[in-house]
Protein chains: 2
Amino acid sequence: MDFEKKIAKIVRFHRMKSGLNQKQLADHAGVGKTAVFDIEKGKESIRLSTLMKVLEVLNIKIKFESPLMNVMEDENEKS
Amino acid sequence: MDFEKKIAKIVRFHRMKSGLNQKQLADHAGVGKTAVFDIEKGKESIRLSTLMKVLEVLNIKIKFESPLMNVMEDENEKS
DNA sequence: GCCATTTTACCGCTTTAGCAGTAATTATTT
DNA sequence: AAATAATTACTGCTAAAGCGGTAAAATGGC
């Protein structure tokens, strides 16, 4: 499953569980209804800022993972 | 620190460690040099698909986290 | 069945991300 | 210090994300 489809499923599931329809979620997030619809449709490309606004309302956090990530955090602590 | 700035740091760090300059990373990812530059500058809004291409080259994975996520996965297994 | 709600799908329109090209500024190396 | 490389910062342009409005499908309740 490609990335956008995965996001689509996650957003839809969380929206359902929080009892919002697409329009309500869009309003809460401060985006247009079309944006929410596009996300849940798994549109190839969306704006990151738009997705973030929606995820914030649904209380979904994003985490980055890589073998280097801990190295990076270590180097940050030295400041 | 806002989200885009965080991404900027992560991308730049990983690019450095992999010994690529912005142009090389852009070419590998199949995006323009401006896109990489904008990401590392922490531009307010970028296209998710563009970011994903870049993260893929740098071997960075994205994970979503929420209290409902395990519930969702459980319901998926019932299919 | 019918009705209300929601979702899907279009429409023009505006804004903007991304593009290559170029130039200037800032490292880095010799 | 000078030359080279890399980054930053513009430019004009094209493609597309997002917008509200509207309308048609799909869904759920009575």
Side-chain angles (χ1 to χ4, degrees), chain A residues 1-60 62 64 66 68 71-72 75-76 78-79, chain B residues 1-60 62 64 66 68 71-72 75-76 78-79:
Chain A
M1 181 168 49
D2 75 357
F3 191 68
E4 280 79 10
K5 294 257 182 274
K6 199 170 158 186
I7 294 176
K9 284 204 170 188
I10 292 173
V11 167
R12 171 165 279 249
F13 181 85
H14 282 76
R15 177 177 62 79
M16 296 294 204
K17 288 288 180 186
S18 56
L20 297 170
N21 64 31
Q22 292 182 342
K23 179 68 164 56
Q24 290 169 327
L25 174 55
D27 288 346
H28 278 104
V31 302
K33 65 182 176 14
T34 315
V36 172
F37 171 68
D38 285 345
I39 291 173
E40 292 193 7
K41 204 178 60 176
K43 187 172 181 178
E44 330 75 52
S45 190
I46 52 175
R47 224 169 276 171
L48 180 64
S49 58
T50 304
L51 177 63
M52 291 308 299
K53 289 179 197 164
V54 171
L55 293 188
E56 200 159 335
V57 173
L58 297 175
N59 200 28
I60 303 172
I62 287 189
F64 297 97
S66 89
L68 285 172
V71 180
M72 182 179 160
E75 292 192 11
N76 269 5
K78 292 190 299 190
S79 56
Chain B
M1 178 168 51
D2 74 357
F3 191 68
E4 280 79 9
K5 293 259 183 275
K6 199 170 158 186
I7 294 177
K9 284 202 173 191
I10 292 173
V11 167
R12 170 166 279 251
F13 181 86
H14 282 75
R15 176 177 63 77
M16 296 292 205
K17 289 287 180 187
S18 56
L20 297 169
N21 64 33
Q22 292 182 341
K23 179 69 166 55
Q24 290 169 327
L25 174 55
D27 288 346
H28 278 104
V31 303
K33 66 184 178 6
T34 315
V36 172
F37 172 68
D38 286 346
I39 291 173
E40 291 193 8
K41 203 179 61 178
K43 187 171 180 177
E44 331 75 52
S45 188
I46 53 175
R47 226 169 273 171
L48 180 64
S49 57
T50 304
L51 178 63
M52 291 308 299
K53 289 179 197 164
V54 172
L55 294 188
E56 201 159 333
V57 173
L58 298 175
N59 201 29
I60 303 172
I62 288 189
F64 298 97
S66 88
L68 285 171
V71 179
M72 182 177 160
E75 292 193 12
N76 269 3
K78 290 190 302 190
S79 55

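Chain naming here is simple, since letters A, B, ... match the order of the sequence lines and numbering starts at 1 in each.
Contact annotation: K43(B) side-chain N/O to dA17(C) OP1/OP2 distance is under 4.0 Å. Taking 4.0 angstrom as the limit, T50(A) places a side-chain polar atom (N or O) nearer than this to OP1 or OP2 of dG18(D). Checking the phosphate oxygens (OP1, OP2) of dT7(D), a side-chain nitrogen or oxygen of R15(B) falls inside 4.0 Å. Taking only side-chain nitrogens and oxygens, R12(B) comes nearer than 4.0 Å to OP1 or OP2 of dT8(D).
When each of L20(B) and S49(B) is assigned the nucleotide of DNA chain D with its nearest heavy atom, L20(B) is the one assigned upstream, toward the 5' end.
Spacing between atom CD1 of I39(A) and atom C1' of dA16(D) amounts to 15 Å, rounded to whole angstrom units. At whole-Å resolution of the value, CD1 in I46(A) and P in dA17(C) are 14 Å apart. Separating the CZ atom of R47(B) from the P atom of dA17(D) is a distance of 5 Å, rounded to the nearest angstrom. Atoms NZ (K53(A)) and P (dA17(D)) sit 16 Å apart, rounded to a whole Å. As a whole-Å value, the separation of E40(B) CD from dT7(D) P is 7 Å. Regarding L51(B), its CG atom lies at a distance of 14 Å from the C1' atom of dG18(C), rounded to whole Å. For the pair K41(B) NZ and dT25(C) P, the computed distance is 17 Å after rounding to whole Å. The separation between N21(B) atom CG and dA6(D) atom C1' is 7 Å, rounded to whole Å.
Of all nucleotides listed (dC19(C), dA6(D), dA9(D)), dC19(C) comes nearest to the side chain of V31(B). Between dC19(D), dT7(D), dG18(C), one nucleotide has an atom nearer to the side chain of Q22(B) than all others, and that is dT7(D). Considering only side-chain atoms of K33(A), the nucleotide from dA9(D), dA17(C), dT22(D) that sits closest is dT22(D). Checking dA20(C), dT7(D), dA17(D) against every side-chain atom of T34(B), the shortest atom distance belongs to dA20(C). Which of dG18(D), dT7(C), dC19(C) sits closest to the side chain of A35(B) comes down to dC19(C). Between dT8(C), dT7(D), dG21(C), one nucleotide has an atom nearer to the side chain of F37(A) than all others, and that is dT8(C).
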(message) K17(A) vs F13(A), test: side-chain contact (heavy atoms from CB on, under 4.5 Å). Steps then yes/no.
(response) CA-CA 6 Å; K17(A) 288 288 180 186; F13(A) 181 85; 3.3 Å; yes
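Within the model, atoms NZ of K6(B) and CZ of F3(B) stand 7.0 Å from one another, a figure rounded to the nearest 0.5 Å.
Within the 3.5 Å criterion, the main-chain N or O of L20(B) finds a donor-acceptor partner in the side chain of R15(B).
The two residues V11(B) and L58(B) make their nearest non-hydrogen contact at O-CD1, 3.7 Å.
Under the 4.5 Å side-chain criterion, counting only non-hydrogen atoms from C-beta, K41(B) is not in contact with K5(B).
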